[in-house]
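Note that the structure is a prediction, hence the values are computed from the model and not measured.
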Amino acid sequence: MPTSPSEPAGRVGRAHPTDPSGPAALSTPAAAAGPGPAGGPAPTADLAVVGAGPAGLAAAVTAAGLGLRVTLLDAGDRPGGQFYRHPAPGLGAARPEALHHGWPEFATREAALRAHVSAGRIAYLPLHHVWAVVPGEAAEARRGSAAPAAAWILHAVAGHAPEERAAAVTARAVLIATGAYERQLPFPGWTLPGVVGAGGAQAMLKGGLVLPGERVVVAGSGPLLLAVAGSLAAAGATVPAVVEAAAYTAYAGQVPALLRNPGKLVEAAGYGGALARHQVRLLTRHAVTEAHGTDRVEAVTVARLDRDWRPLPGTARRIPCDALAVGHGLVPQLELATGLGCETRPSADGTVALVLDAEQRTSVPGVWSAGETGGIGGAQLAMIEGELAAHSVAGAPPGARLTRRRARLRAFADAMATAHRPGEGWTGWLRDDAVVCRCEEVPAGRIREATDDLGARDARTVKLLTRAGMGWCQGRMCGPAVAALAGEEPAPDRRPLSCPVPLRHLAELPPATH
């Protein structure tokens, strides 16, 4: 989860004309990408890591340090993922650490990545969006490694359109560290310009050094809200309120997990202090139930909620603003894993996560996972899980200290998930004319008609009757809302392609992989 900056964004300096830490200094030549137009096939890696965020980066450098040949693929152009998002190189920010919490942990691993790339132990492939992982031909396992003999083929779209090309990588083991995306619960007016995701607002600040507006209300649920509000206020925005749907008294039953993580309590106190310094009001057990405006959001209606998140009559008030940053936590991104048949489980926050054993193995032999895919837990936990997975793949004991830290941080993450899980009554703020699926412009009333009058009992049937979830995002944005309106628990996405793929790439595949 993104956190608040250690210094105001306005104090971020300018970079030197040449930046030795830029993506060109790290990326492996295109020929190393494996079969495809760039060149001949590369050697089979011991481990392919998908995602260069905190979990994938930690896994890759740890595995390389243990003697494995690693290929690290990432859809972004620089390591760090969404959490350690860098300002665009053209902006010339010399001190991106001013926008981040825990930057030294990332910087240490990025330096290790650079060293391993230079030594040939890691092939780092940025701008490689993996869209499928399929079983390959049998390959001899590396001596001394726990990796199985069955090799995997990872298919990716490499580069930017229109120069994008097909790429493929083979590996004896795969580690999926694809992170998560924001969970949105729709409300009337959420499609207005100026309404952005809470994480999206943080990304605008980190990646573009810009604010979504001058007067920004931050709303939703989860610890991300405090971090976002602190970041925006430190960067110069006026934040009239943080609107938290949950009540912090929900943590009362989680005292053991809290006490085992004193650092997290100190971090929370820091957020509280930042809000107090910037005179930001915190409204708990409240939600934004409507956004108002014509060409752009001009104000929001905030109402008090009951224990099930139903708006209480007579409690609504308006808050003027020119931007709204809203989000209700994160959703694990599981398409690659579920496409392989990896087993999933319901999480305490109402999302779906992978079933993992103590060594980060999935239910599919030869496939590991780390980070948010196993349940939302933040960057620090993701790094630890990446290290544990790397030790498991290499067959090297990780040490008790690492496993204890993982257990402690996972307990804290579960406590947060329980406290901020959306209540069932949130659909009470959805009028029939409120858009639920933005891509296909499907209102709540049409979904209710499908369930109440046409007999739909699950999200898939609702999709077939209304087109909700058939648009560009394929239900990533509206999926939780459609499932809630259909009276169904969230289910894992199962799709053959995890991102848009040009038809020519599919046509070029060997017959066995079609």
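Arg401 meets the side-chain contact (heavy atoms from CB on, under 4.5 Å) test with Arg404, Arg405; sequence neighbours excluded. With sequence neighbours excluded, no residue satisfies side chain to side chain donor-acceptor pair (under 3.5 Å) with Arg494. Pro188 is linked by a side-chain contact (heavy atoms from CB on, under 4.5 Å) to Glu290, Arg431, Ala434, counting only residues two or more places apart in sequence or in another chain. In this structure, the ring-ring contact (aromatic ring centres under 6.0 Å, His included) partners of His86, at least two apart in sequence or on a different chain, are Trp103, Phe106. Legend: residues meeting side chain to side chain donor-acceptor pair (under 3.5 Å) with Arg109, ordered by chain and number and at least two apart, are Glu387. For Arg408, the side chain to side chain donor-acceptor pair (under 3.5 Å) test picks out Asn261, with sequence neighbours left out. Under the ring-ring contact (aromatic ring centres under 6.0 Å, His included) criterion, Tyr251 pairs with His420, sequence neighbours left out. With sequence neighbours excluded, the residues that form a side-chain contact (heavy atoms from CB on, under 4.5 Å) with Val157 are Trp131, Glu164, Val501, Pro502, His505. Under the side chain to side chain donor-acceptor pair (under 3.5 Å) criterion, Arg476 pairs with Glu335, sequence neighbours left out. Under the side-chain contact (heavy atoms from CB on, under 4.5 Å) criterion, Ala291 pairs with Phe187, Leu192, Val195, Val297, Val300, not counting sequence neighbours.
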Taking distance alone, no hydrogens or angles, what donor-acceptor pairs closer than 3.5 Å link side-chain atoms of residues 376-385 to residues at least two apart or in another chain?
unit_1, atom_1, unit_2, atom_2, d
Glu385, OE1, Gly371, N, 2.9
Glu385, OE2, Arg410, NH2, 2.9

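Looking at heavy atoms from C-beta onward, Met470 lies in side-chain contact with Lys463 at the 4.5 angstrom threshold. Between Val243 and Val217 there is a side-chain heavy-atom pair separated by less than 4.5 Å. Side-chain contact between Val326 and Trp190: absent, with no pair of heavy atoms (C-beta onward) separated by less than 4.5 Å.
Both the sub-6.0 Å distance and the 45° axial angle are not jointly satisfied by Arg438 relative to the ring of Trp472.
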Tell me, with the steps shown, if Thr301 and His292 meet side chain to side chain donor-acceptor pair (under 3.5 Å).
CA-CA 8 Å; Thr301 292; His292 310 277; 2.6 Å; yes
Could you go through Leu154 and Val174, starting from their C-alpha distance and side-chain angles, then the distance that decides it, and tell me whether this counts as side chain to side chain contact (heavy atoms under 4.5 Å, CB included)?
CA-CA 9 Å; Leu154 295 83; Val174 174; 4.1 Å; yes
Could you walk me through whether Val393 and Trp368 satisfy the side chain to side chain contact (heavy atoms under 4.5 Å, CB included) test, starting with their C-alpha distance in whole Å, then the side-chain angles of each, then the deciding distance to 0.1 Å, before giving a yes or no?
CA-CA 8 Å; Val393 175; Trp368 282 255; 3.5 Å; yes
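For the residue pair Gln202 and Ser231, a side-chain donor N or O sits within less than 3.5 Å of a side-chain acceptor on the partner. A donor-acceptor contact closer than 3.5 angstrom is absent between the side chains of Gln333 and Thr178. Side chain to side chain, Glu244 and Ser221 meet the donor-acceptor criterion of an N or O pair below 3.5 Å.
Here the rule is side chain to side chain contact (heavy atoms under 4.5 Å, CB included) with His155, and of Val133, Val130, Val134 only Val134 fits it.
Judged as a side chain to side chain donor-acceptor pair (under 3.5 Å), the pairs with a partner in residues 445-459 (not counting sequence neighbours) are, in order, Asp432-Arg448, Asp458-Thr461.
Between atom CG of residue Leu354 and atom OG of residue Ser363 there is a gap of 8.0 Å, rounded to the nearest 0.5 Å.
In this structure a side-chain-to-backbone donor-acceptor pair under 3.5 Å is present from Glu182 to Gly199. Side chain of Ser392 to backbone of Leu388: no donor-acceptor contact under 3.5 angstrom is found.
More than 12 heavy atoms of other residues, nucleotides or ligands shown are found within 6.0 angstrom of CG on Leu259.
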